[in-house]
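The next block holds one structure in the form of structure tokens; read it before the comments.
In the text below, chain A, chain B and the rest are named by the order of the sequence lines, each starting its count at 1. Note that the coordinates shown come from a computational prediction; the quantities given were computed from them, not determined experimentally. These numbers come from the heavy atoms of this one structure, side chains and all, not from hydrogens, waters or symmetry mates.
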Protein chains: 2
Amino acid sequence: MAGNPERPSPMAEHSLPEHIADELRRDILRGKLVPGAQIKERDNAAEMGVSRTPMREAIRILAQEGLVVLRPARSPLVADPPFDEIADQVVVLLALEKLSGDLACQHATQDDMDRVRAVADRFETTFYTADRLASFETDMEFHTAIAAASRNRALAETHRAYLARLWRIRYLTSRRRRNRATVLDQHAAILDALLKRDRVAVGAALDTHLGTLTEDIRQLFITEET
Amino acid sequence: MAGNPERPSPMAEHSLPEHIADELRRDILRGKLVPGAQIKERDNAAEMGVSRTPMREAIRILAQEGLVVLRPARSPLVADPPFDEIADQVVVLLALEKLSGDLACQHATQDDMDRVRAVADRFETTFYTADRLASFETDMEFHTAIAAASRNRALAETHRAYLARLWRIRYLTSRRRRNRATVLDQHAAILDALLKRDRVAVGAALDTHLGTLTEDIRQLFITEET
DNA sequence: AAGAAGATTTTGGTATACCAAAACCTGTTG
DNA sequence: CAACAGGTTTTGGTATACCAAAATCTTCTT
């Protein structure tokens, strides 16, 4: 019973399962739960001081996001997808992001554009600070802002799901990017094209950006010798 | 207790929640559960002779698919999205399907192509039979076969999710399509381009096909005066 | 008669108990 | 000593009990 003893009142605004899912997600991304590890709902629930029911639901949420895999009648595992599978997901993510950029050029309000620019600026300032995680999260926020600017809720939601699924691997690549300055340049190019509402240029810039991502991931897998 | 009395043994191959979800999905698509209706987990669970736990999970599955919406501390509802939201989803579906076609041109095996052709043939034969539902399901199978031919599992899965979400509305439009023969022509065009592995032509054919879908949906909303 | 305050019911969220299948341990046997 | 059979433990799946928030109904007041 290492968990917090105070029993939260039911029907909270942000549900308990989501809170648990957030917790587990952080554990996975931070590496406390390594890929391939078992997630036993009894133990984890006890450790967090909650019952199995919300823990179950939290695990389902993460399974939906692709961070854990469910096996029939067996403990769920932290996902450990092979390179090909991740590459496939990156392809889809790229398509979603290009669609986002394209739609944003057509439908984004000035407010949307301003928000994207603001996040890009913030990314630039946090880029050289020590907090890698904060910088990375701002990076993700940049892409999320573009998806939001598409003014297509379904697209933004699906994009968010893919981003979550690739979160960990992107975090791993972000700390070993050979030329980290390229990221800044690429973001600048995307932002520039977006502000001009140049659909072709946006597509090209995103192609470049996520193309290097695929290459980075490949390198990561090679050095890890998975 | 109108449900079947035999208690199925746990750990079945196809889990109970999925089975319940299938049941509910059919009820929604067939119109037994109309959009906007409440889904009370207690009542529905009792009606199907299962407990609330698997019913809950089934409802989450459908929520994930977008067929039902969850409200905090309230009964889930059968989704009843406004036109704009559905239009947004169709835009994403179109993008996914164009990506599928594009990748299929590059990576599909001959077997994949044969399967697509087989489904297209089957659709043509069932098209004029009385069973609208069977014909419609074959139509959906055609699009699923293309997604499978992309050889991208993530893409196929996301595509499947969107297809499920739009299942009902597409079923409704399929029975009021003004010129039903166009569908056959459009499918033929898609198949033709696909077999030639002509990426541009596939994209164009899919644009046409799903363009008419959007128009059909718009008409449906106008006549329904939602 | 209309509105508000309080009691009751309904309902989803959570905790817990029980079951069977899978995994694990152990003692026996060839 | 290896391999297998049996029982024990572990674990996820399901059912059920309980709780509090929301909704609904009741009744009292104006």
Side-chain angles (χ1 to χ4, degrees), chain A residues 1-24 27-28 33 36-65 67-79, chain B residues 1-24 27-28 33 36-65 67-79:
Chain A
M1 291 288 157
N4 46 1
E6 89 267 8
R7 199 98 78 48
S9 105
M11 316 240 147
E13 52 239 79
H14 249 357
S15 73
L16 182 58
E18 278 182 47
H19 183 72
I20 298 174
D22 290 345
E23 205 78 19
L24 285 178
D27 287 348
I28 293 175
L33 290 172
Q38 290 187 347
I39 302 181
K40 310 184 187 180
E41 51 181 61
R42 260 182 174 87
D43 297 357
N44 278 67
E47 198 169 321
M48 293 190 60
V50 300
S51 102
R52 287 177 55 202
T53 314
M55 173 61 71
R56 266 180 80 74
E57 205 162 308
I59 290 175
R60 302 308 154 117
I61 291 174
L62 296 183
Q64 195 291 324
E65 291 180 0
L67 280 179
V68 313
V69 296
L70 266 38
R71 307 174 297 175
R74 304 290 288 280
S75 288
L77 299 180
V78 178
Chain B
M1 288 284 166
N4 47 1
E6 89 267 9
R7 196 99 81 44
S9 105
M11 318 238 147
E13 51 241 78
H14 248 355
S15 74
L16 183 57
E18 277 182 47
H19 184 73
I20 298 174
D22 290 346
E23 205 77 20
L24 285 177
D27 287 348
I28 293 175
L33 289 171
Q38 291 187 347
I39 302 182
K40 310 183 188 181
E41 50 180 63
R42 260 184 175 83
D43 297 358
N44 278 67
E47 197 168 321
M48 294 191 60
V50 299
S51 100
R52 286 176 56 202
T53 314
M55 173 60 71
R56 267 179 80 74
E57 205 162 306
I59 290 175
R60 303 308 156 118
I61 291 175
L62 296 183
Q64 196 290 323
E65 291 179 0
L67 280 179
V68 314
V69 295
L70 265 38
R71 307 174 297 173
R74 302 290 288 280
S75 288
L77 299 180
V78 178

**OP:** Send over the distance from B/Arg52 CZ to D/dA17 C1', rounded to a whole Å.
**Re:** 10 Å
Subject >> Distance in Å, B/Lys40 NZ paired with B/Asn44 CG, rounded so as to fall on 0.5 Å steps >> reply: 9.5 Å
Original post:
Contact class for A/Ile20 (heavy atom, under 4.0 Å): base, sugar-phosphate, or nothing?
Top reply: nothing
**OP:** Round to a whole Å and report the spacing from CE of B/Met55 to C1' of C/dT11.
**Re:** 14 Å
Original post:
Any donor-acceptor pair under 3.5 Å linking the side chain of B/Arg42 with the backbone of B/Ala46?
Top reply: no
Original post:
How many Å lie between CZ on A/Arg56 and P on D/dT14, as a whole number?
Top reply: 7 Å
**OP:** Please report, rounded to the nearest Å, how far the P atom of D/dT14 is from the CG atom of B/Leu16.
**Re:** 5 Å
**OP:** Grab the CG-P distance between A/Asn44 and D/dT10 for me, whole Å please.
**Re:** 17 Å
Original post:
Is the side chain of A/Arg60 donor-acceptor paired with the backbone N or O of A/Gln64 at a distance under 3.5 Å, no angle test?
Top reply: no
Subject >> Euclidean distance, A/Leu24 CG relative to A/Met48 CE, rounded to 0.5 Å >> reply: 6.0 Å
Subject >> Sugar-phosphate, base or nothing in reach of B/Ser75, heavy atoms under 4.0 Å >> reply: sugar-phosphate
Subject >> Atom pair CD1/CG of B/Ile59 and B/Leu70 - distance to nearest 0.5 Å >> reply: 7.5 Å
Subject >> A/Gln38 CD - D/dT10 P separation (whole Å) >> reply: 14 Å
Original post:
Checking only heavy atoms, does the side chain of B/Arg71 share a donor-acceptor pair with the base of C/dG12 at less than 3.5 Å?
Top reply: no
**OP:** Counting heavy atoms from C-beta on, name the nucleotide in C/dT16, D/dA15, C/dG12 closest to the side chain of B/Val50.
**Re:** D/dA15
**OP:** Would you mind telling me which residue lines up with the more 5' stretch of DNA chain C, B/Asp43 or A/Ser51, judged by nearest nucleotide?
**Re:** B/Asp43
Original post:
Which residue, A/Thr53 or A/Pro76, contacts DNA chain D at a nucleotide closer to its 5' end, judged by nearest heavy atom?
Top reply: A/Pro76
Subject >> B/Glu57 CD to C/dG13 C1', straight-line distance once rounded to whole Å >> reply: 15 Å
Original post:
Closest to the A/Ala73 side chain: D/dG13, C/dT14, C/dA22?
Top reply: C/dA22
Subject >> Distance-only donor-acceptor test, A/Arg42 side-chain atoms vs D/dG12 base atoms, 3.5 Å >> reply: yes
Original post:
Quick one: B/Arg74 CZ to D/dA21 C1', roughly how many Å, whole number?
Top reply: 11 Å
